[in-house]
Amino acid sequence: MAIDNPYQTPINPYTPTSNSAFIGPQGQIYRKGRILIMHRDATLPDICFKSNEPTAGYRLRRKLSWHNQWIALAILLNVLIYLLIAIIVSKRATVMIPLSDHWRVLRRKRIRNAWVLCLGGPILFVAGIMMMGQGPDAELAGSFCLMAGGLILLFGLFYAIFRTRLVTPVMIDEHFVHLKGAHPEFLNRFEAYSF
């Protein structure tokens, strides 16, 4: 009969053992230039993916999706056809990304900034519409608000897409996930991919 010890240090299931630090249950982790290649079941070490600093065991779950770039040519036919094809042929994988406290806070700030921009732009746009027809000075300010609101919204959408993203899938197949966005020193921990 096992007795639970309330004073025992909790066990972190993501902490790799010293002998299998970079080998998951069924696969390995490699690097190829600036790309991290990992088996779908591999576990990344408790080192921040973005800064190469030790983590406190925190991991961010990312559900990634990837399809071949040539499928984007279907946009020329119709956007709906492209979306349908992309949904059908996309490969998916879930990856647990280790992050330091600094990158957790930075990620939250970037998400908050994206929300402020994406909500502030339309508010400014509506304020511009309400100013129209209120006189020459208000009309000038209203047209400025319309343009500024549209530009802020557009900038906010690009900011949300590109600045809040931590990893980018380069390729996903049946066995491996190829990721871009890791710190160069983090990548140097792994052996070069030579297959």
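Just the heavy atoms: all of them, side chains too, but no hydrogens, waters or symmetry mates, feed the values below.
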* Structure fact -> Between Phe190 and Pro45, the two heavy atoms sitting closest are CZ-CD, 3.9 Å

* To do: Please report the shortest heavy-atom distance between Tyr82 and Ile71, naming the atom on each side.
  => CD1-O, 3.5 Å

* Strictly by modelled atom types, are Asn52 and Arg189 linked by a side-chain donor-acceptor pair under 3.5 Å? -> yes

* To do: Could you tell me how the ring of Tyr30 sits relative to the ring of Phe176: parallel (under 30°), tilted (30 to 60°) or perpendicular (over 60°)?
  => tilted

* Asked: If you measure from CE on Met132 to CD1 on Ile129, what distance do you get to the nearest 0.5 Å?
  -> 8.5 Å

* To do: For the pair Arg62 (side chain) and Val95 (backbone), establish whether a donor and an acceptor sit closer than 3.5 Å, ignoring hydrogens and angles.
  => no

* Hey, could you give me the CD1/CG distance between Ile81 and Leu76, rounded to the nearest 0.5 Å? => 11.0 Å

* Asked: Out of curiosity, Leu187 CG to Arg34 CZ, how far, rounded to the nearest 0.5 Å?
  -> 9.5 Å

* To do: Answer with yes or no whether the hydrophobic clustering places Phe158 together with Ile152; edges join I, L, V, M, F, W, Y residues whose side-chain heavy atoms lie under 4.5 Å apart.
  => no

* Asked: Side-chain contact, heavy-atom cut-off 4.5 Å: Met38 with Leu44?
  -> yes

* **Distance, nearest 0.5 Å, that separates CG of Leu99 from CD1 of Ile47** => 12.5 Å

* Structure fact -> What one should report as the nearest heavy-atom pair of Leu179 and Leu64 is CD2-CD1, 3.3 Å

* Can you tell me how far the CG atom of Leu166 sits from the CZ atom of Arg107, to the nearest 0.5 Å? -> 6.0 Å

* To do: Verify the cluster assignment for Trp66 and Val167: are they in a single hydrophobic cluster under the rule of side-chain heavy atoms below 4.5 Å apart?
  => yes

* To do: Examine Lys50 relative to Trp103 and say whether NZ or CZ is less than 6.0 Å from the centre of the six-membered ring and inside a 45° cone about the ring axis.
  => yes

* When you measure from the side chain of Arg92 to the backbone N and O of Ser90, does any donor-acceptor pair fall under 3.5 Å? -> yes

* **Cationic N near anionic O, under 4.0 Å, Arg40 to Glu174** => no

* May I ask whether Leu77 and Val89 are part of the same hydrophobic cluster, defined by side-chain heavy atoms of I, L, V, M, F, W, Y residues being less than 4.5 angstrom apart, directly or through others? => yes

* Asked: Quick one: does Val177's side chain get under 4.5 Å of Leu36's, heavy atoms only?
  -> no

* Are Phe49 and Tyr58 joined in one hydrophobic group, where the rule is that I, L, V, M, F, W and Y side chains link up if heavy atoms are under 4.5 Å apart? -> yes

* Where is the tightest heavy-atom contact between Cys145 and Met131, given as atom of each residue plus distance? -> SG-CE, 4.1 Å

* Side-chain contact, heavy-atom cut-off 4.5 Å: Val105 with Lys109? -> yes

* Asked: Has the side chain of Ser51 got a donor or acceptor atom that lies under 3.5 Å from a matching backbone atom of Cys48?
  -> no

* Asked: Does any non-hydrogen side-chain atom of His67 lie less than 4.5 Å from one of Ile172?
  -> no

* Asked: Of all heavy-atom pairs between Pro54 and Ser100, which one has the smallest distance, and what is that distance?
  -> O-CB, 4.2 Å

* Looking only at atom types and distance, does a side-chain atom of Arg110 sit under 3.5 Å from a main-chain N or O of Arg163, one as donor and one as acceptor? -> yes

* Asked: If you measure from CD on Gln69 to CE on Met171, what distance do you get to the nearest 0.5 Å?
  -> 11.5 Å

* What pair of heavy atoms forms the shortest contact from Arg59 to Met96, and how long is it? -> NH1-O, 3.8 Å

* Asked: Is it the case that one hydrophobic cluster holds both Ile85 and Leu83, taking links as side-chain heavy atoms less than 4.5 Å apart, direct or via other members?
  -> yes

